[in-house]
Amino acid sequence: MVETQWSTVSSIYCKDMPPNVYRPHSVTITEFGAVGDGATLNTKAFQNAIFYLNSFADKGGAQLFVPAGRWLTGSFNLISHLTLSLDKDAVIIGSPDSSHWPVIDPLPSYGRGRELPGKRHQSLIFGLNLTDVIITGANGSIDGQGAIWWGRFHNHTLNYTRPHLVELMYSTNVVISNLTFKNSPFWNIHPVYCSQVLVQHVTILAPLNSPNTDGINPDSSTNVCINHCYVRNGDDVIVIKSGWDEYGISFAQPSSNISISNITGETRGGAGIAFGSEMSGGISEVRAVGLRIVNSLHGIRIKTAPGRGGYVKNVYIADVSMDNVSMAIRITGNYGEHPDDKYDRTALPVISNITIKDVVGVNIGVAGILEGIQGDNFSNICLSNVSLSVQSAHPWNCSLIEGYSNSVIPESCEQLKSNCRQTPICYDGSGSSAMRVQQPRHTSSTSRLLNPLLELSSF
């Protein structure tokens, strides 16, 4: 019996799933010759076990159990109606041999590998066109042994784009829960072209200087819920994407209806929550609440550039605490490289209806840099009840943006000053209505930061 639970609050966009999923058939990886000594390669054992379990897909599904041990493996593919379950002392370890990670076609919405032209390495745990997939455990671990890949990145000796730890494509009804992900070669959890995805009670760990070890990356996916996760890594904690320049525009599959709650994150190379810079298919209807961001480069970030096209709109971020963050809020209109020279330089992104409210921060370097694009002002950027203890004498730098602010400390930039002769209307996170900027009820910075710091001390 495997239990999964959708939080009533954080699953506002997500279809209810049964609280219990019973798999009538179950096997253990050792039944297929696997050896958990950390040295024996078990790729064939995983592949054979899953091939065997496929015969039960139409008979209620099956479970593959990984007991205590260190299980070295190359990449393997999941099937529908499968639960991959790890014992609390089980560690699935990615092989350091790149030949054990197959090379596959690039994503159609990217047109090439994210790092290099051409193909890319398949993730350690991979799935394509699946439904009803659960990856879970009693806080067992999946370790990508990423150091060797990071070295190849720094030494410019990669032949193909690095692999993720988990990637599911064109899949629905996916649950990833109660696991620790460590040392991913590239991004950690990457649902792409998926719907009905739940990621909860997950811990993600990588050195703070590890390159591009993003935590959770919903990409051209809808109805995604992410809650109760702790991430300490080298890049964005959670980042929402939807394709790259002309390829993302052509593929035209947005990320939408995404609910994020109760996240604690630390990153020296990225943001606590980010959007883009690959956002050419569009990103909308995102609600993120209960974010605790510490010892990080950025708190909240939107990244885009001319040529991206697409949009980031209807985004609601609230109940955020930050401590020791270099820049609390950053919106960048000139970020990132392009896949090739065929992108449309006139394809300008639409950034609109962004609400950030109830934010408190201490030990903040700069409050915000908010920069639009010439001829493409970013509009309806709303800041409300934001209190930041800032070190810089110039806390805000804003250009080519429009919007409103209320009760922002230090006082926000001129472009976001509220106009008392008008009634500012800001996106309220409901997806269908707006809210008036109201006088907030300020909360003590000390009390707001107490819970996340206590939470961090438990890891």
Side-chain angles (χ1 to χ4, degrees), residues 13 106-114 169-170 187 190-195 197 214 216-224 235-236 238-260 270-271 273-288 298 300-317 329-356 370-382 400-403 427 429 431:
Y13 296 128
L107 294 170
S109 58
Y110 284 70
R112 47 161 276 187
R114 185 57 187 85
M169 298 176 59
Y170 303 105
W187 306 344
H190 186 220
V192 58
Y193 322 139
C194 289
S195 64
V197 178
D214 297 9
I216 304 167
N217 294 19
D219 196 341
S220 293
S221 292
T222 61
N223 297 338
V224 178
D235 210 321
D236 296 324
I238 294 175
V239 55
I240 303 170
K241 300 177 181 288
S242 67
W244 199 9
D245 284 7
E246 70 270 26
Y247 302 103
I249 294 171
S250 175
F251 195 73
Q253 186 159 335
S255 284
S256 64
N257 294 352
I258 296 176
S259 175
I260 300 165
I273 182 169
F275 302 80
S277 69
E278 308 90 330
M279 39 63 68
S280 303
I283 298 170
S284 69
E285 319 308 328
V286 178
R287 181 182 178 92
H298 296 101
I300 300 163
R301 191 169 194 191
I302 298 174
K303 303 176 280 188
T304 188
R308 289 290 191 267
Y311 53 84
V312 178
K313 64 182 182 181
N314 294 355
V315 172
Y316 178 90
I317 301 172
I329 303 168
R330 187 164 192 180
I331 300 177
T332 308
N334 61 349
Y335 182 92
E337 70 278 8
H338 302 278
D340 51 39
D341 60 2
K342 300 176 184 177
Y343 70 95
D344 180 1
R345 289 163 174 78
T346 67
L348 300 179
V350 174
I351 311 298
S352 182
N353 286 1
I354 311 296
T355 294
I356 301 171
L370 314 179
E371 300 171 321
I373 297 171
Q374 188 69 44
D376 181 33
N377 283 15
F378 298 168
S379 63
N380 209 22
I381 311 299
C382 293
L400 304 172
I401 65 165
E402 304 165 3
Y427 179 68

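Taking each heavy atom of Pro106 and Gly113 in turn, the nearest pair found is CB-N, 3.8 Å. Taking each heavy atom of Phe378 and Ile331 in turn, the nearest pair found is CD1-CG2, 3.6 Å. For the pair Ala271 and Asp236, the tightest heavy-atom approach, listed with the atom from each and the gap, is N-OD1, 2.8 Å. For the residue pair Ala305 and Ile373, the shortest heavy atom distance occurs at C-CD1, 4.1 Å. Nearest heavy atom pair, residue Tyr247 against residue Tyr110, reads CD1-O, 3.4 Å. In this structure, Ile249 and Ala347 approach most closely via the heavy-atom pair CD1-CB, 4.0 Å.
For the pair Ser250 (side chain) and Gly248 (backbone), a donor-acceptor distance under 3.5 Å is absent. Looking at Lys241, its side chain does come within 3.5 Å of a backbone N or O of Gly276 through a donor-acceptor pair. Ser280 contributes no side-chain N or O that, together with a main-chain N or O of Gly309, makes up a donor-acceptor pair within less than 3.5 Å. The closest donor-acceptor contact from the side chain of Ser109 to the backbone of Gly243 lies at 3.5 Å or more, if one exists at all.
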Side chain to side chain contact (heavy atoms under 4.5 Å, CB included) assessment of Tyr316 paired with Val286: CA-CA 6 Å; Tyr316 178 90; Val286 178; over 6 Å; no

Side chain to side chain contact (heavy atoms under 4.5 Å, CB included) evaluation trace for Thr304 with Ser277: CA-CA 5 Å; Thr304 188; Ser277 69; 5.7 Å; no

Audit row: Thr355, Val315, side chain to side chain contact (heavy atoms under 4.5 Å, CB included) steps and yes/no: CA-CA 6 Å; Thr355 294; Val315 172; over 6 Å; no

Residue pair Val312, Ile354: steps toward the side chain to side chain contact (heavy atoms under 4.5 Å, CB included) verdict: CA-CA 8 Å; Val312 178; Ile354 311 296; 4.1 Å; yes

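Checking Asn353 against Tyr311 by side-chain atom types alone, no donor-acceptor pair falls below 3.5 Å. Between the side chains of Glu285 and Asn257, no donor N or O sits under 3.5 Å from an acceptor N or O.
Within the 4.5 Å cutoff, the side chain of Val197 has no heavy atoms near those of the Asn223 side chain. Side-chain atoms of Ile238 and Ile260, non-hydrogen and from C-beta on, do get closer than 4.5 Å to each other. Counting heavy atoms from C-beta outward, Leu107 and Met169 have side chains that approach closer than 4.5 Å.
Taken from CG in Asp235 to CG in Asp214, the straight-line distance is 4.5 Å, to the nearest 0.5 Å. Here CG of Asn380 is found 12.5 Å from CD1 of Ile351. Values are rounded to the nearest 0.5 Å. Ser220 OG to Met279 CE: the interatomic distance, rounded to the nearest 0.5 Å, is 11.0 Å. To the nearest 0.5 Å, atoms CD1 (Ile273) and CD1 (Ile216) are separated by 10.5 Å. If you take CD1 on Ile317 and CD1 on Ile356, they are separated by 5.0 Å, rounding to the nearest 0.5 Å.
Within the structure, every pair that satisfies the salt bridge (charged side-chain N to carboxylate O under 4.0 Å, His left out) test and touches residues 242-253, not counting sequence neighbours, is listed here: Asp245-Arg308.
For Gln374, the side-chain contact (heavy atoms from CB on, under 4.5 Å) test picks out Leu400, with sequence neighbours left out. Under the salt bridge (Lys or Arg N to Asp or Glu O under 4.0 Å) criterion, Arg114 pairs with Glu278, Glu337, sequence neighbours left out. Considering only residues two or more places apart in sequence or on other chains, Thr332 meets the side-chain contact (heavy atoms from CB on, under 4.5 Å) condition with Arg301, Arg330, Asn334, Tyr335. With sequence neighbours left out, the side chain to side chain donor-acceptor pair (under 3.5 Å) criterion links Ser379 to Ser352. Residues that satisfy the side-chain contact (heavy atoms from CB on, under 4.5 Å) test with Ser255, not counting sequence neighbours, are Ile240, Ser242, Ile258, Ile283.
Proximity of the aromatic rings of Tyr193 and Tyr170 is defined here by a centroid distance below 6.0 angstrom, and this criterion is met.
Remark: Arg345 is positioned above the aromatic ring of Tyr343, its terminal NZ or CZ atom under 6.0 angstrom from the ring centre and at most 45 degrees off the axis.
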